[in-house]
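Each chain gets a letter, A, B and so on, in the order its sequence line appears, and its residues count up from 1.
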2 protein chains.
Amino acid sequence: MMEETRGKLLRAARAAFAARGYAGASMDELTAEAGLTRGALYHNFGDKRGLLQAVIDQIDAEMAARLRAVGERASHPWRGLLDEYRAYIEMAVEPEIQRILLLDGPAVLGDPSLWPSQNACLAETTRRIRTLVEDGAIPPVDAEAAARLLNGASLHAALWIAASKEPEATLGKALEAFRRLAEGLARP
Amino acid sequence: MMEETRGKLLRAARAAFAARGYAGASMDELTAEAGLTRGALYHNFGDKRGLLQAVIDQIDAEMAARLRAVGERASHPWRGLLDEYRAYIEMAVEPEIQRILLLDGPAVLGDPSLWPSQNACLAETTRRIRTLVEDGAIPPVDAEAAARLLNGASLHAALWIAASKEPEATLGKALEAFRRLAEGLARP
DNA sequence: CTTCTCTACATACGGTCCGTATGTGAATTG
DNA sequence: CAATTCACATACGGACCGTATGTAGAGAAG
């Protein structure tokens with residue numbers, strides 16, 4: 001079964017990329033870990049970049065689903081936006097996501113918005129901002145531009161937190177500063 | 001003269017990293033381009049990462065100087081902040097800076113704020129925000145947190161612009177959204 | 001039932017690249 | 001003038017990626 005092979009390789013690749021980084025991950029080791037050889041890998045994913053792309057698509061989809069769930073649980077649309085970004089930052093602190101999606105991904109594959117996965121995370125936050133504008137909850141703004149900037153801010157916050165000695169305190173500072181910035185969107 | 005050798009290698013490395021990316025740049029080619037061999041490189045910079053570090057320190061210092069110059073030319077402190085970030089975004093669109101400092105740098109060396117260069121750019125914008133707070137121009141805010149988020153937003157804006165079909169229009173959208181976010185800092 | 005083809009991998013090979021170990025000529029020091 | 005150090009060159013080993021080739025099994029064709 002080919003689908004099973006792909007699954008095994010994806011799991012092994014996620015673990016290897018997360019643990020050693022894209023450049024440091026050996027395809028021989030990684031495939032052996034999955035009980036296969038590089039032949040299977042090149043047959044299914046084309047090359048090493050293709051494998052990274054597949055891993056990223058998977059992670060991106062998972063993150064977008066988590067974001068949407070968080071946003072939908074919120075009592076108020078504006079609160080939903082803040083909750084989503086809090087969740088985004090917290091996810092971006094996870095080593096696997098940070099290493100693969102935020103550091104290696106852009107370096108190897110270039111601008112995330114050009115990825116085939118279409119960057120589901122970005123689409124999700126863009127959609128939410130657009131909804132806020134359409135509902136009149138915030139003044140008109142280019143939703144994609146705002147989402148991109150807020151995503152960038154969140155991502156940097158996550159790098160900061162991950163490298164911090166006191167992650168909890170740093171998270172608090174980052175969230176407070178983020179709220180201030182986001183409120184710039186809410187004012188006329 | 002050792003300083004001259006370092007200079008030659010740094011120039012060649014900047015060009016090679018910018019053109020082919022860190023992973024794609026061959027140290028044999030790069031050193032040959034400088035009229036030297038890998039021996040000189042390992043003697044002066046330790047390893048490939050050390051060379052990247054040196055290149056990044058150089059670029060970072062240049063950017064910080066440019067930022068400071070822009071900020072000081074401004075008529076008003078708040079305007080200085082906006083001008084600085086406009087300049088930051090415009091610099092971050094330059095292929096050399098984007099490729100080396102923003103994409104490969106974090107992937108290879110990790111969080112920029114931990115770099116020996118101390119990230120002069122971040123220090124510069126942090127200093128400017130702190131000044132605004134101390135002068136009472138904006139309400140109190142954690143200057144480092146705000147600077148990190150705004151830098152992250154700018155960086156993402158630059159990636160967006162660089163990948164855009166119509167960079168000028170995209171730059172306009174990004175700057176407008178950025179102004180909105182920054183104004184969140186200015187309100188009580 | 002036989003044969004042929006096609007698929008999904010495995011194996012083999014070549015070339016590139018990095019880091020280190022070693023060599024070397026010039027400058028410096030005592 | 002001998003000895004040492006420095007700044008760089010050369011040589012070597014090992015790892016890794018991509019491709020070319022091999023192969024066992026399944027299904028189609030006749």
Please pick, from C:dT20, C:dC17, D:dC8, the nucleotide with the shortest atom-to-atom distance to any side-chain atom of B:N44. D:dC8

Can you check whether A:T5 has a side-chain N or O nearer than 4.0 Å to OP1 or OP2 of C:dA8? no

Note: for A:G39 and A:S26 on DNA chain D, the residue whose nearest nucleotide lies more 5' is A:S26

Got a donor-acceptor contact below 3.5 angstrom from the A:R99 side chain to the B:A107 backbone? yes

When you match A:H43 and A:R38 each to their closest nucleotide on DNA chain C, which lands nearer the 5' end? A:H43

To the nearest Å, give me how far apart CG (A:L30) and P (D:dC17) are. 9 Å

To the nearest 10 degrees, the angle between the two end axes of the helix from C:dC1-D:dG30 to C:dG30-D:dC1 (five pairs per end) comes to 10°

Any side-chain to backbone donor/acceptor pair from B:R128 onto B:L81? Under 3.5 Å, distance only. no

Just how far, in rounded Å, is P of C:dC17 from CZ of B:R20? 9 Å

Side chain of A:M27 only, heavy atoms from C-beta on: which candidate in C:dC17, D:dC8, D:dC17 is closest? D:dC17

Which nucleotide, C:dC9, D:dC8, D:dC16, lies nearest any side-chain atom of A:A40? C:dC9

Between D:dA7 atom P and B:L9 atom CG, what is the distance in whole Å? 14 Å

Taking the side chain as C-beta and beyond, is there a heavy-atom pair between A:L103 and A:L159 under 4.5 Å? yes

Strictly distance-based, threshold 3.5 Å: is any side-chain N or O of B:D104 a donor or acceptor partner for the main-chain N or O of B:G21? no

May I ask you to say what B:L41 touches in the nucleic acid, namely base, sugar-phosphate or nothing, with a heavy-atom cut-off under 4.0 Å? nothing

Take atom CG of A:D28 and atom C1' of C:dC13, then tell me their distance rounded to the nearest Å. 13 Å

Please state how far atom CG in B:L36 lies from atom C1' in D:dT10, giving the value in whole angstrom units. 14 Å

By nearest atom, which of the nucleotides C:dC17, C:dC18, C:dA10 is closest to the B:E29 side chain? C:dC17

From the candidates D:dC17, D:dC8, C:dG19, the one with an atom nearest any side-chain atom of A:K48 is D:dC17

Search all heavy atoms of B:T170 against all heavy atoms of B:S164 and return the closest pair with its distance. OG1-OG, 2.6 Å

Could you tell me how far apart B:F45 (CZ) and C:dG19 (P) are, to the nearest whole angstrom? 14 Å

At 4.0 Å (heavy atoms only), tell me whether B:A23 reaches a base, stays on the sugar-phosphate, or touches nothing. nothing

Which nucleotide in the set D:dC16, C:dT11, D:dC8 lies at the smallest distance from any side-chain heavy atom of A:T37? C:dT11

Whole-Å distance separating the CD atom of B:E3 from the C1' atom of D:dC6: 15 Å

B:L51 CG to D:dC8 P: how many Å, rounded? 14 Å

In plain terms, say whether A:E134 and A:R130 are close enough for a salt bridge, that is, a side-chain N and a carboxylate O under 4.0 Å apart. no

Between A:T125 and A:R148, a side-chain donor and acceptor under 3.5 Å: no

Side chain of A:N44, backbone of A:A40: donor and acceptor closer than 3.5 Å? yes

